[in-house]
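Below is one structure; the comments refer to it alone.
Here is how names work: the chains are called A, B, and so on, in the same order as the sequence lines, proteins then strands, and each is numbered from 1.
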Amino acid sequence: MDDVTAILDHLNTAQREAVSAPQGNMLVLAGAGSGKTRVLVHRIAWLMQAEGLSPYAVLAVTFTNKAAREMRTRLEALLGLSLRNVWVGTFHSIAHRLLRTHWQDARLPQHFQIIDSDDQLRLIKRLLKDHRIDDERFPPRQVQSFISGCKEEGLRPHQVDAHGDAYMGQMVELYEHYQLTCERGGLVDFGELLLRSLELLRDTPALLAHYQERFAHVLVDEFQDTNTLQYAWLKLLSGMKTPMTVVGDDDQSIYGWRGARVENIRRFEQEFRDTRTVRLEQNYRSTSAILDAANALISHNTSRMGKELWTAGSRGEPISVYAGFNDLDEARFIVDTIREKVNEGHTRREIAILYRSNAQSRVLEETLIRQGVPYRIYGGQRFYERLEIKNALAYLRLLLNRDDDASLERVINVPARGIGTRTVELLRERARHTGVSLWQALHDGLGDASLRGRAGTAVKAFADLIERLDNDTAGLALHEIIDHVNEVSGLVEHHRSEKGEKGQARVENLEELVTAARAFTQGEALDPPVAGEGAVALEGFLAEAALNAGDHEADDFEDCVQLMTLHSAKGLEFPVVFIAGVEEGLFPHRMSIEEPGRLEEERRLCYVGLTRAMRKLYLTHAELRRLHGKETFQRPSRFLRELPDEHLEEVRLRGQISRPVTASRPAVGLSRQTSVNGGGDLPSLSLGQRVHHPVFGEGVILNAEGEGERARVQVSFEGEGDKWLVLGFAKLTPL
DNA sequence: TTTACATTGATTTTT
DNA sequence: TCAATGTAAA
């Protein structure tokens with residue numbers, strides 16, 4: 001402890017204040033790129049070294065595994081030691097840990113399983129079928145979000161007031177049934193992890209006292225994303241006595257639609273006495289042009305905590321705004337610009353294309369492919385969410401818990417073994433009548449011979465298979481168990497015989513699962529509540545798979561342009577950023593335009609997008625866009641108008657094209673000429689239209705200029721690239 | 001049990 | 001437009 005002040009080196013004043021503040025409640029309003037994680041990590045180091053807290057006494061909570069991992073890694077690097085005792089984890093992983101440790105007090109079966117939202121949805125669909133409830137009136141997704149919503153508000157079925165409304169009443173009833181099904185199967189969903197652990201602490205005073213005693217300081221990351229339940233959980237755990245450091249940014253709250261409550265920031269200031277508030281406003285990421293634009297945009301929101309980003313760096317290049325004729329033209333501009341950037345020496349991974357909704361990626365991808373630019377989409381399906389992996393996991397779960405109906409149903413006929421819907425229906429019926437699990441019903445059916453014949457044999461074979469797998473794997477190491485299950489269950493063979501490359505990839509994924517298991521036992525796991533052998537390790541592995549479904553990032557050996565939604569870009573930064581589709585109805589999205597609150601969230605999303613850019617930012621929009629198969633006229637987003645003129649620059653097409661540009665204000669010019677009528681007997685063409693040329697073959701019209709005989713169009717031909725053709729000469733046939 | 005065809009509906013997504 | 005469903009037919 002010779003020199004604790006070293007922890008404060010290279011920090012700015014505000015950061016230093018936050019890091020070294022005396023223990024007490026503190027709210028750190030950390031702007032984008034202001035060194036938030038740095039402060040959090042240094043704060044923990046400070047608490048340990050200057051305040052003398054034991055690593056054991058610190059609890060740090062994040063939202064994502066990635067953030068937790070980063071915090072731990074950086075902390076270890078800073079302190080130069082391994083910190084196995086510090087509790088750094090996501091809300092869910094910490095709740096899970098509590099429940100595993102105190103399963104009896106939590107009134108859970110020892111081997112309870114965690115289900116992800118996919119499992120949850122399946123379970124709900126099943127429930128609706130079983131209860132003959134019209135899934136038109138009660139769409140499974142809606143039921144799911146109702147149930148999750150209740151849990152996030154900390155409400156059990158009996159606490160939900162339907163106000164005598166029949167529809168709500170039905171929802172509540174479904175919630176109740178759902179809960180019962182979970183209890184019977186020993187299943188715990190994400191919301192349940194939190195709610196159950198809150199109840200555990202609340203109802204077991206000795207335990208609560210123990211943890212309140214133990215934790216001397218609680219730190220929370222991304223506080224603006226906490227929901228009601230998480231807030232209550234923190235409040236309970238701290239007992240309003242344990243000092244807390246919470247870090248967040250109200251301007252970056254973009255998950256309100258998922259239950260996050262920005263108000264929690266204000267609430268914290270009010271409810272937790274003597275809260276010191278520190279603002280981190282110096283930005284180390286972007287140019288001042290970008291920051292000015294972001295500040296200007298976000299100032300259109302009301303009831304902010306107040307914060308303005310600044311930088312000691314230079315103004316940098318202006319923000320480029322490009323108005324494309326249509327989505328193809330927009331994509332072409334983006335890809336052309338990327339190619340220029342790469343020629344100038346940028347690597348592709350330094351460049352990101354952000355968009356509001358996933359559907360926008362298609363046109364971009366096609367253009368990237370056509371021009372041979374490698375790209376990667378961030379946020380696709382993750383490892384543990386893949387079908388073949390979920391199937392394998394379902395077998396594994398059955399080994400631990402035969403009463404897991406969801407898993408049983410998932411694999412009872414995968415690979416196909418002659419147990420059709422009819423038989424499963426029968427089993428379900430029986431299970432429901434006698435109030436037992438499917439596994440039990442299956443045995444009862446075999447016992448009293450109501451399951452006979454072909455179906456009976458098949459079911460018997462399945463039951464035997466599960467028992468055999470269980471016996472055969474007793475005493476094996478985790479990865480051996482999984483390998484064995486993959487083979488003997490027939491899953492590997494099942495996928496091997498699948499046609500196409502798909503099957504091959506799936507077999508490889510199953511192999512990858514074995515590798516992941518091996519890594520897990522060797523201690524690479526982020527948060528193993530229990531390490532051990534065989535069944536114990538399996539339990540840990542399954543929990544890990546549910547809580548940490550794998551990374552979005554793929555192998556980055558190839559240098560790729562990054563494509564992602566604005567939501568998934570949060571927390572990341574790139575030297576060059578394109579935001580595509582900056583149009584009314586798309587961004588802000590039409591579903592969010594009416595309500596002021598939701599519109600403000602869209603604006604915050606835009607703010608998040610702008611602040612991802614380090615050096616150069618492009619905003620693009622199209623005047624005509626294919627949406628749901630229809631060509632739609634689009635107007636530039638209001639957000640463009642909210643940016644300061646002095647930092648904007650309209651991009652003009654490489655001098656080739658002169659076309660009317662409306663008014664002095666760039667980027668908000670409305671409809672331009674979007675179709676070319678050749679006049680006379682020339683064909684009538686429009687942008688984006690497919691045409692045929694006798695020499696070049698088929699292509700798409702990207703661009704146009706001029707009139708009459710001299711009119712020219714730019715056509716993108718497959719394999720031939722883009723060409724300008726004079727309508728009077730070229731024999732173009734519309735397709 | 002698989003395959004073909006119609007119907008539908010369509011933000012954002014960690015855990 | 002297109003992907004994900006559900007139904008009908010083989």
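Nucleotides B/dT12 and C/dT5 are separated by 15 Å at their P atoms, to the nearest Å. Rounded to whole Å, the P atom of B/dT13 lies 15 Å from the corresponding atom of C/dA4.
Nucleotide B/dT13 holds its P atom 22 Å from the OH atom of A/Y384, rounded to whole Å. The separation between A/D221 atom CG and B/dT14 atom C1' is 13 Å, rounded to whole Å. Rounding to whole angstrom units, CG of residue A/D189 and C1' of B/dT13 are separated by 16 Å. C/dT1 atom P lies 15 Å from atom CG of A/N326, rounded to whole Å. One interatomic measurement links the two molecules: CG of A/L121 to C1' of C/dA4, which rounds to 13 Å at whole-angstrom precision. If you measure from atom CG of A/L99 to atom C1' of B/dT15, you get 14 Å, rounded to the nearest angstrom. Atom pair A/I115:CD1 and B/dT15:P shows a separation of 17 Å (rounding to whole Å applied). Put simply, CG on A/D118 is 15 Å from P on B/dT15, counting in whole angstrom units.
Listed pair A/R258 / B/dT14 fails the phosphate criterion, with no side-chain N or O lying under 4.0 Å from OP1 or OP2. Between A/N65 and B/dT14, a side-chain N or O to OP1/OP2 separation shorter than 4.0 Å is absent.
With DNA chain B read from its 5' end, the first of the two nearest nucleotides for A/I419 and A/H92 is the one closest to A/I419.
Within the 3.5 Å criterion, the main-chain N or O of A/G185 finds no donor-acceptor partner in the side chain of A/D404. The backbone N or O of A/S253 sits less than 3.5 Å from a side-chain atom of A/R604, completing a donor-acceptor pair. Side-chain atoms of A/N65 come within 3.5 Å of backbone N or O of A/L547 as a donor-acceptor pair. Within the 3.5 Å criterion, the main-chain N or O of A/M591 finds a donor-acceptor partner in the side chain of A/H589.
Salt bridge present: A/D221 and A/K36 bring a charged side-chain N and a carboxylate O closer than 4.0 Å. The pair A/E583-A/R590 does not meet the salt-bridge criterion, since no charged nitrogen lies less than 4.0 angstrom from a carboxylate oxygen.
Residue contacts for A/D327: at a heavy-atom cut-off of 4.0 Å it reaches no nucleic acid atom on any strand shown.
For the residue pair A/Y375 and A/E365, a side-chain donor N or O sits within less than 3.5 Å of a side-chain acceptor on the partner.
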Between the protein and nucleotides 4-12 of chain B, are there any N/O to N/O pairs under 3.5 Å, and if so, what are the atom names and distances?
| from | atom 1 | to | atom 2 | distance (Å) |
| --- | --- | --- | --- | --- |
| B/dT11 | O4' | A/H589 | NE2 | 3.3 |
| B/dT11 | O4 | A/R598 | NH2 | 2.0 |
| B/dT12 | OP1 | A/N358 | N | 2.7 |
| B/dT12 | OP1 | A/N358 | OD1 | 2.9 |
| B/dT12 | O4' | A/R356 | NH2 | 3.1 |
| B/dT12 | O2 | A/W257 | NE1 | 3.4 |
| B/dT12 | O2 | A/R356 | NH2 | 2.5 |
| B/dT12 | O2 | A/H567 | NE2 | 3.4 |

